[in-house]
K.L.:
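Just passing along the structure, written as structure tokens.
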Amino acid sequence: MTSRMDEFRKFVNNHQTIRNDVLSGKRTWQQIYEDWVILGEGDESWKQYETSKEEPPKSSSKKLEDLFTSENMKTIVGYINKVEFNN
């Protein structure tokens, strides 16, 4: 049985540029989750975040290993802890 959280993770994976809004401080994961619950996946507002599977990945000067530093992981866990999934 798929949980609501699993559905949200799948949605975020299909709309990967949502992470940019969180990382830049424009929105929180809580705000995105609440909008997702209220608006649903089919809302037009999510189109701007869609990730085409056919697009080549954008090159980045950072290596994947660099992204998984202990400081970055603390930040990610901090964001996740702030999300109130029951609201």
K.L.:
The criterion is salt bridge (Lys or Arg N to Asp or Glu O under 4.0 Å); which residues satisfy it with Glu41, sequence neighbours excluded?
P.N.:
none
K.L.:
Check ring-ring contact (aromatic ring centres under 6.0 Å, His included) between Phe8 and all other residues, then give those that pass, not counting sequence neighbours.
P.N.:
Tyr33, Trp36
K.L.:
Quick one: CD1 on Ile18 to CD on Gln31, what's the gap to the nearest 0.5 Å?
P.N.:
12.0 Å
K.L.:
Tell me every residue that passes side chain to side chain contact (heavy atoms under 4.5 Å, CB included) with Lys26, counting only those two or more places apart in sequence or in another chain.
P.N.:
Asp21, Ser24
K.L.:
Mind checking side chain to side chain contact (heavy atoms under 4.5 Å, CB included) for Ser45 and listing every partner two or more places apart, or none if nothing turns up?
P.N.:
Leu39, Asp43
K.L.:
With Arg19, which residues qualify under salt bridge (Lys or Arg N to Asp or Glu O under 4.0 Å), at least two apart?
P.N.:
none
K.L.:
How far apart are the C-alpha atoms of Tyr49 and Asn20, what are their side-chain angles, what is the distance that settles it, and do they pass the side chain to side chain contact (heavy atoms under 4.5 Å, CB included) test?
P.N.:
CA-CA 10 Å; Tyr49 300 108; Asn20 296 340; over 6 Å; no
K.L.:
At what distance, to the nearest 0.5 angstrom, does CD of Gln30 lie from CD1 of Ile80?
P.N.:
13.0 Å
K.L.:
Do Glu7 and Arg4 sit within salt-bridge range, that is, some charged N less than 4.0 Å from a carboxylate O?
P.N.:
yes
K.L.:
Just to verify, what does Lys82 make a side chain to side chain contact (heavy atoms under 4.5 Å, CB included) with, not counting sequence neighbours?
P.N.:
none
K.L.:
Does Asn81 have any side chain to side chain contact (heavy atoms under 4.5 Å, CB included) partners at least two apart in sequence or in another chain, and if so, which?
P.N.:
Val77
